[in-house]
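Encoded as structure tokens, the structure appears first; notes follow it.
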Amino acid sequence: MAMATKSIAARLRNLIRNFAAARDGNIAILFALASIPVVGLMGAAVDYSRANAVKADLQSALDATALMVSKTAGSMTTEQLQSAAQSYFAALFKNPEAVSFNVVATYNSSGGSSVVLDGTASVPTDFMGILGISAMDVGSSATVRWGTSRLRVSLVLDVTGSMASANKMPTLKTAAKNLLTQLQGAASANGDVYVSIIPFNKDVNVGKSNFNQPWIRWDLWEESHGSCSKSKDKKIETKSACTSAGGTWTAADHNTWTGCVTDRDKDYDTTNTAPASTVPATLFPAEDYVFTWDNVDYNLCPAEMMGLTYDWAALKNKIDALQPVGATNQGIGLQWGFQSLTSSPFTVPAKDSNYKYTDVIILMSDGLNTQNRYSTSQTAIDAREQITCDNAKAAGIILYTIHVNTDGDPTSTLLKNCASSPDKFFLLTSANQMVSTFKSIGTDLTQLRLAK
């Protein structure tokens, strides 16, 4: 097609030159002169059509190149970015009508991250050469923006005893660490993505080193941790029994506490209210989650939680430390996930007004609720958790929920209703599905948006 167009143009140019050179009469000369702009304008439409086709290919190559280089732009020098952009673009832009092209790449991290590619190409003309225009320059640009929406993600993970079966715990560790890698890859700078990890069973572990913090409540723990002045042959094991017997109760040192806390007083068990020493109901009750068998005490306190951080190595080490033990209380995990994104006792990084922030909780459980501070009734525990779900969503937090149902339990209506939308609830029937599910969620959270 290109050869045919060039042949026609060449013939027209020759005819016009012959008309102009003719001396047979003024009419022939005038006709030849008048035909030049007419033929030029008609041919311009063909040249513009060719130029537009080149521009379409130019735009497509710029879009693809921008997406490719954006993945590593934040760690490149200006020279490296330019070199990578030119290399990708040259491999993609193959329109034979363009005799030359140029691409300029620019990275900007102000108010979010972006890569802008400006490209130009030169297209030789066939018909417009008659009018003295030998080539047409076309240009376009492509922009990839990311980081304008920063992520705060809380991984609320079931580490109850049932996670020891069906290869669930090892698979969870793989899936969670893969997700952390995805989130790390989405961050072009420190602070773009923060993650907290909240392992839960019946309790959560806030860390025994916090025994002297004012947000810990001790009255429930001290009820059964101490000694009575009246104890002799028969040991009196509770504070209330001691005082009833006329004795004096001496509480154990708080530094012997294992780090577990149970649910707060109602209705603070469903909110992210900051603890205040002047309001005891807002404090977090210390508890030793212990199972006694054959006179031996077994500590069932889960792994210590981790607040928002972008220390990716530490986050992955925390995942590796998870061990399956204890009963199921999804509500306390969810409440602490909510707390970790929004309120003390966590240190929540300040939000920069130049960015948009997306707060997310990913709640994973392999079973139904069995025990909390107040009840062993699933219905009662579910009702408290549903309130927490509603409160978190009302605060603008996006909830993803995952039910890993390998035991043929009824599908968790609670987890289904807790999800922010139907597509954010995942029902899994095998442990292996956790890997693809966490990956899908990670892709959803980190997907780049192409802006033209």
Would you compute the distance between atom [atom1] of [X] and atom [atom2] of [Y] and round it to the nearest 0.5 angstrom?
{"X": "Asp366", "Y": "Thr328", "atom1": "CG", "atom2": "OG1", "value": "6.5 Å"}
{"X": "Ile397", "Y": "Leu399", "atom1": "CD1", "atom2": "CG", "value": "7.0 Å"}
{"X": "Asp444", "Y": "Asp423", "atom1": "CG", "atom2": "CG", "value": "7.5 Å"}
{"X": "Tyr88", "Y": "Leu117", "atom1": "OH", "atom2": "CG", "value": "12.0 Å"}
{"X": "Gln335", "Y": "Asn372", "atom1": "CD", "atom2": "CG", "value": "12.0 Å"}
{"X": "Ser114", "Y": "Asn108", "atom1": "OG", "atom2": "CG", "value": "4.5 Å"}

**Identified side chain to side chain contact (heavy atoms under 4.5 Å, CB included) partner of Ile402 from the options Leu363, Ile362, Leu415** = Ile362

I'd like to know if the side chain of [X] reaches the main chain of [Y], judged simply by a donor and an acceptor atom lying under 3.5 Å from each other, with no hydrogens or angles considered.
{"X": "Asn405", "Y": "Gly408", "result": "yes"}
{"X": "Asp352", "Y": "Asn354", "result": "yes"}
{"X": "Glu223", "Y": "Ser240", "result": "yes"}
{"X": "Ser340", "Y": "Gly337", "result": "yes"}
{"X": "His403", "Y": "Leu427", "result": "no"}
{"X": "Trp249", "Y": "Glu222", "result": "yes"}
{"X": "Ser60", "Y": "Ala56", "result": "no"}
{"X": "Gln433", "Y": "Thr429", "result": "yes"}
{"X": "Gln330", "Y": "Gly367", "result": "yes"}
{"X": "Ser122", "Y": "Asp137", "result": "no"}

**Item:** Residues in side-chain contact (heavy atoms from CB on, under 4.5 Å) contact with Thr358, at least two apart in sequence or another chain
**Value:**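 In terms of side-chain contact (heavy atoms from CB on, under 4.5 Å), with neighbours along the sequence ignored, Thr358 is linked to Ser149, Leu151, Val360, Ile398.
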
In the structure I gave you, are the side-chain heavy atoms of [X] and [Y] within less than 4.5 Å of one another anywhere?
{"X": "Asn167", "Y": "Pro170", "answer": "yes"}
{"X": "Thr411", "Y": "Phe425", "answer": "yes"}
{"X": "Asn178", "Y": "Val435", "answer": "yes"}
{"X": "Leu300", "Y": "Val290", "answer": "no"}
{"X": "Val261", "Y": "Trp221", "answer": "no"}
{"X": "Leu315", "Y": "Met306", "answer": "yes"}
{"X": "Tyr357", "Y": "Arg152", "answer": "yes"}
{"X": "Lys168", "Y": "Val404", "answer": "yes"}

Which heavy atom of [X] sits nearest to which heavy atom of [Y], and what is that distance?
{"X": "Gln182", "Y": "Phe438", "result": "OE1-O, 3.8 Å"}
{"X": "Pro124", "Y": "Glu97", "result": "CD-O, 3.3 Å"}
{"X": "Lys393", "Y": "Asn417", "result": "NZ-O, 3.0 Å"}
{"X": "Thr262", "Y": "Arg373", "result": "OG1-CB, 3.2 Å"}
{"X": "Ala327", "Y": "Thr160", "result": "O-CG2, 3.0 Å"}
{"X": "Val159", "Y": "Pro302", "result": "CG2-CB, 3.7 Å"}

**Working for salt bridge (Lys or Arg N to Asp or Glu O under 4.0 Å), residues Arg384 and Asp267** = CA-CA 9 Å; Arg384 304 306 300 168; Asp267 286 319; 2.8 Å; yes

Under 3.5 Å, which donor-acceptor pairs link side chains of residues 271-279 to any protein atom two or more places apart or in another chain?
residue: Thr271; atom: OG1; partner: Thr273; partner atom: N; Å: 3.3
residue: Thr271; atom: OG1; partner: Thr273; partner atom: OG1; Å: 2.9
residue: Asn272; atom: ND2; partner: Thr342; partner atom: OG1; Å: 3.0

**Message:** Which residues pass the salt bridge (Lys or Arg N to Asp or Glu O under 4.0 Å) test with Arg217, not counting sequence neighbours?
**Reply:**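 Salt bridge (Lys or Arg N to Asp or Glu O under 4.0 Å) check on Arg217 returns Asp219, Asp265.
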
**Asked** Which of parallel (below 30°), tilted (30 to 60°) and perpendicular (above 60°) describes His254 and Trp218?
**Response** parallel

**Asked** Taking the inter-plane angle between the rings of Phe426 and Tyr400 on a 0 to 90° scale, is it parallel (under 30°), tilted (30 to 60°) or perpendicular (over 60°)?
**Response** parallel

**Prompt:** Quick one: side-chain hydrogen bond (donor to acceptor under 3.5 Å, both in side chains) pairs with a partner in residues 300-322, sequence neighbours left out?
**Reply:**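 For residues 300-322, and leaving out neighbouring residues, the side-chain hydrogen bond (donor to acceptor under 3.5 Å, both in side chains) pairs sorted by first residue read Lys177-Asp320, Thr181-Lys316.
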
Kindly list each side-chain donor-acceptor pair under 3.5 angstrom involving residues 99-106, sequence neighbours excluded, with atom names and distances?
none

Go through the side-chain N and O atoms of [X] and [Y] and say whether any donor and acceptor fall under 3.5 Å apart.
{"X": "Asp382", "Y": "Gln386", "answer": "no"}
{"X": "Ser196", "Y": "Ser154", "answer": "yes"}
{"X": "Asn201", "Y": "Asn329", "answer": "no"}

**Request:** Count the heavy atoms belonging to other residues, nucleotides or ligands that lie under 6.0 Å from NZ of Lys208, then report whether that count exceeds 12.
**Result:** no

**Prompt:** Within a reach of under 6.0 Å around NZ of Lys439, are more than 12 heavy atoms found that belong to other residues, nucleotides or ligands?
**Reply:**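 No - once you tally the heavy atoms of other residues, nucleotides and ligands closer than 6.0 Å, there are 12 at most.
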
**Steps toward salt bridge (Lys or Arg N to Asp or Glu O under 4.0 Å) verdict (Asp359, Arg150)** = CA-CA 9 Å; Asp359 291 342; Arg150 288 181 162 181; over 6 Å; no

**Asked** Is it true that Arg264 and Asp269 have a side-chain N and a carboxylate O under 4.0 angstrom from each other?
**Response**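 No, Arg264 and Asp269 are not salt-bridged.
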
**side-chain contact (heavy atoms from CB on, under 4.5 Å) assessment of Val206 paired with Ile216** = CA-CA 10 Å; Val206 299; Ile216 299 295; 4.1 Å; yes

**Message:** The test is side-chain contact (heavy atoms from CB on, under 4.5 Å); show your working for Met305 and Phe200 and say whether it passes.
**Reply:** CA-CA 9 Å; Met305 65 177 68; Phe200 71 89; over 6 Å; no

**Asked** Can you pull the disulfide bond (SG atoms under 2.5 Å apart) pairs that have at least one residue in residues 243-305, sequence neighbours excluded?
**Response**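 Non-adjacent pairs meeting disulfide bond (SG atoms under 2.5 Å apart): Cys260-Cys301.
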
**Prompt:** Which is it for Leu58 and Phe89 under the side-chain contact (heavy atoms from CB on, under 4.5 Å) test, yes or no, and what are the steps along the way?
**Reply:** CA-CA 9 Å; Leu58 177 71; Phe89 185 82; 3.3 Å; yes

**Message:** As a quick check of understanding, evaluate side-chain contact (heavy atoms from CB on, under 4.5 Å) for Val195 and Leu155, giving each step before the final call.
**Reply:** CA-CA 7 Å; Val195 178; Leu155 299 182; 4.2 Å; yes

